[in-house]
Amino acid sequence: MATSFSVSLLKFSQNPNTTTTTTTTNTLSFPQPNHYFSFRPTNPYLPRFFTTNENGNASFDNSHPRFSRSHGLSSLPLSTNHYEFFDNSSEVELRVHLKDQNVRSSKDVFVDANETSLTIRALNSGSPTTLIETNRLFDRVKPAETIWLIDDDQLVVILKKQDPDLKWPDIMESWESLTVGSSQLLKGASIYIVGESTNINQQVAKELAVGIGYTPFSTKELLENFSKQTIDSWVLSEGSDSVAEAESAILESLSSHVRTVVATLGGQQGTSRRADKWRHLHAGFTVWLSQTEAIDEESAKEEAKKHVQDGGSGYSKADVVVKFQGCDTDHHAKSLAQACLSALKQLILADKKLPGKKSLYIRLGCRGDWPNIKPPGWDPSSAGDGVSPATFFRH
């Protein structure tokens with residue numbers, strides 16, 4: 001069975017407030033095109049545009065029927081200084097305030113919508129002004145079905161969602177929208193940060209837990225509180241295998257918990273570096289954090305694929321991989337946490353049954369049969385039980 005995960009690449013600039021994030025989803029078993037691509041529609045499919053007359057009726061330059069404004073919106077508007085946002089099940093509505101823009105007609109407005117991006121510009125006294133510009137919509141839309149109109153002092157943009165079941169907290173994918181929208185995706189499933197640095201794992205786990213309202217845990221803190229010594233001194237006195245065994249016991253205890261973010265040990269000391277110790281890590285969504293020298297998402301993806309081929313357990317077993325440049329995590333922990341949520345969102349939207357499957361895996365005892373869950377009563381120590389390795393147990 002093919003192993004699929006998301007790869008995110010973060011580029012940290014010298015300005016701690018500026019971070020570039022690119023995310024891609026790839027199937028590692030064989031090369032195939034990226035599933036999340038955007039395109040620019042050709043002229044016949046450009047967004048349709050509307051204006052309203054003095055009676056409030058909408059009309060446009062083709063023989064389309066009258067546009068009827070949506071009612072009964074299922075969520076309250078998200079208001080900023082510039083726009084209001086509504087989610088109406090199969091479509092989202094964006095209302096951009098034009099009161100201070102001196103827009104005279106629809107000819108002064110430019111709306112460009114692609115699958116994952118949106119640009120809105122207006123001529124203000126003859127000078128172009130960017131009102132909205134994002135290359136990361138919260139999810140994908142159908143650009144050919146985009147419509148817009150000018151209603152009094154507002155520009156109204158209607159975008160058709162590709163996934164009508166996904167609730168959008170905002171038009172853009174941001175830290176705020178991801179943290180608000182995570183509950184409908186994760187459904188209480190825990191998250192395990194299993195990167196290469198213990199310190200980075202802890203910082204990112206804390207940011208994630210605070211953001212999504214989960215309980216944070218650090219296996220390093222739990223182990224040191226239990227042993228009354230530092231991890232380094234424990235390794236020196238008893239070896240890294242002893243530490244890994246102790247961490248594995250803690251992960252077994254935490255595996256039955258929900259709504260937690262667990263930071264694990266990094267380096268060669270922890271459980272995540274041992275392929276035979278992932279049994280209880282699979283109880284939640286695992287995120288492998290890895291520093292890289294890659295300069296773009298394709299390079300990051302190829303680097304991850306190479307690590308999988310070389311037998312790196314973190315890459316081959318983790319649900320998602322987040323690669324980042326630089327090591328100044330004091331300023332960028334939240335950016336890393338955002339990349340984790342973004343990659344997890346893509347992973348779950350590609351297979352919405354994953355959170356339920358994690359729950360089933362826990363209920364059956366975290367026997368190590370992830371992702372091919374065997375029927376109840378399966379014994380992982382029995383090799384001749386007559387159950388095919390490809391057998392799935394469907395709950």
Any side-chain heavy atom of Glu173 sitting closer than 4.5 Å to one from Thr116?
no
Applying side-chain contact (heavy atoms from CB on, under 4.5 Å), run through Phe285 and Ser190 and close with a yes or a no.
CA-CA 6 Å; Phe285 287 103; Ser190 294; over 6 Å; no
Heavy-atom check, side chain of Leu341 versus side chain of Thr179, under 4.5 Å
yes
Short question: side chain of Thr260, backbone of Pro216 - any donor-acceptor pair under 3.5 Å?
no
Under a 4.5 Å side-chain heavy-atom rule over Ile, Leu, Val, Met, Phe, Trp and Tyr, are Leu222 and Tyr192 clustered together?
yes
Is there a side-chain contact (heavy atoms from CB on, under 4.5 Å) between Lys161 and Ser90 once you walk through the steps?
CA-CA 6 Å; Lys161 297 193 292 187; Ser90 63; 5.8 Å; no
I'd like to know if the side chain of Asp163 and the backbone of Asp165 have a donor-acceptor N/O pair within less than 3.5 Å.
yes
Minimum heavy-atom separation for Leu185 and Pro355, please, with both atom names.
O-CG, 3.1 Å
Just so I know, are the side chains of Val111 and Leu118 near enough to count as touching, which here means a heavy-atom distance under 4.5 Å?
yes
So which heavy atom on Ile362 is nearest to which on Ser255, and how close?
CD1-O, 3.5 Å
Value for NZ (Lys323) from CG (Leu336), rounded to nearest 0.5 Å, stands at 12.5 Å
State, yes or no, whether a side-chain contact exists between Val157 and Ile132 at a heavy-atom distance under 4.5 Å.
no
In terms of side-chain geometry, is the basic nitrogen of Lys345 or Asp139 positioned less than 4.0 Å from the acidic oxygen of its partner?
no
Can you list the steps and then say if Leu98 with Leu131 is a side-chain contact (heavy atoms from CB on, under 4.5 Å)?
CA-CA 9 Å; Leu98 300 176; Leu131 305 180; 3.6 Å; yes
State, with a plain yes or no, whether a side-chain heavy atom of Ile373 is found less than 4.5 Å away from one of Lys357.
yes
Any side-chain heavy atom of Thr264 within less than 4.5 Å of one from Thr286?
no
Nearest heavy-atom contact between Asn201 and Gly195 is OD1-N, 3.2 Å
So His257 and Phe217, would you call those rings parallel, tilted or perpendicular, with 30° and 60° as cut-offs?
perpendicular
With sequence neighbours left out, what residues match Asp108 under salt bridge (Lys or Arg N to Asp or Glu O under 4.0 Å)?
none
Minimum-distance pair of heavy atoms, taken over all atoms of Pro169 and Val180
CB-CG1, 3.8 Å
Indicate yes or no: does Glu247 engage Lys277 in a salt bridge with an N to O separation below 4.0 Å.
no
Could I get the full list of side-chain hydrogen bond (donor to acceptor under 3.5 Å, both in side chains) partners for Ser197, not counting sequence neighbours?
none
Quick check: is Leu349 connected to Val92 through a chain of hydrophobic side chains (ILVMFWY, heavy atoms under 4.5 Å apart)?
yes
Should the pair His282 and Trp370 be assigned to parallel (<30°), tilted (30 to 60°) or perpendicular (>60°) ring geometry?
parallel
Do Arg136 and Ser342 get their side chains close enough for a donor-acceptor pair, meaning under 3.5 Å?
yes
Measure the CG-CH2 distance between Asp319 and Trp288 for me, rounded to the nearest 0.5 Å.
13.0 Å
ILVMFWY cluster, Val258 and Ile193 together (side-chain gap under 4.5 Å)
no
Can any side-chain N or O of Lys374 pair as donor or acceptor with the backbone N or O of Asn372 at less than 3.5 Å?
yes
Check the hydrophobic clustering (I, L, V, M, F, W, Y; side-chain heavy atoms under 4.5 Å; chains of links allowed) and say if Leu123 and Leu149 are grouped together.
no
Does the side chain of Ile191 reach to within under 4.5 Å of the side chain of Leu186, using non-hydrogen atoms?
yes
Nearest 0.5 Å, what's the CG-CH2 distance between Leu208 and Trp175?
5.0 Å
Closest approach of Ser359 to Arg363 (non-hydrogen atoms, all atoms of both residues)
OG-NH1, 2.8 Å
Roughly how far, to the nearest 0.5 Å, is CD1 of Ile171 from CZ of Phe138?
11.0 Å
In Å and rounded to the nearest 0.5 Å, what is the CZ to OG distance from Arg273 to Ser240?
11.5 Å
Given 3.5 Å as the limit, does a donor-acceptor pair link the side chain of Asp87 with the main chain of Trp168, or not?
yes
Do the side-chain N and O atoms of Tyr83 and Asp170 include a donor-acceptor pair separated by under 3.5 angstrom?
yes
Hey, does the side chain of Ser242 reach the backbone of Gly239 with a donor-acceptor pair shorter than 3.5 angstrom?
no
Closest heavy-atom contact between Ser177 and Ser174?
OG-N, 2.8 Å
Quick one: do Arg121 and Thr130 satisfy side-chain contact (heavy atoms from CB on, under 4.5 Å)? Show the steps, please.
CA-CA 4 Å; Arg121 295 189 177 94; Thr130 300; 3.4 Å; yes
For Lys167 and Gly181, indicate whether the former's side chain and the latter's backbone hold a donor-acceptor pair under 3.5 Å.
no
Is the side chain of Gln269 donor-acceptor paired with the backbone N or O of Ile231 at a distance under 3.5 Å, no angle test?
no
Note: Arg279-Glu252 ion pair, threshold 4.0 Å (strictly below)
no
Would you tell me whether Glu115 and Gln162 have side-chain atoms, one donor and one acceptor, within less than 3.5 Å of each other?
yes
Same apolar cluster: Trp278 and Leu265, side chain cutoff 4.5 Å
yes
Around atom CZ of Arg367, are there more than 12 heavy atoms of other residues, nucleotides or ligands at under 6.0 Å?
yes
Side-chain contact test, heavy atoms from C-beta onward, threshold under 4.5 Å: evaluate it for Gln338 versus Glu207 and give yes or no.
no
Rounded to the nearest 0.5 Å, how far does CG of Asp241 lie from CD of Glu238?
11.5 Å
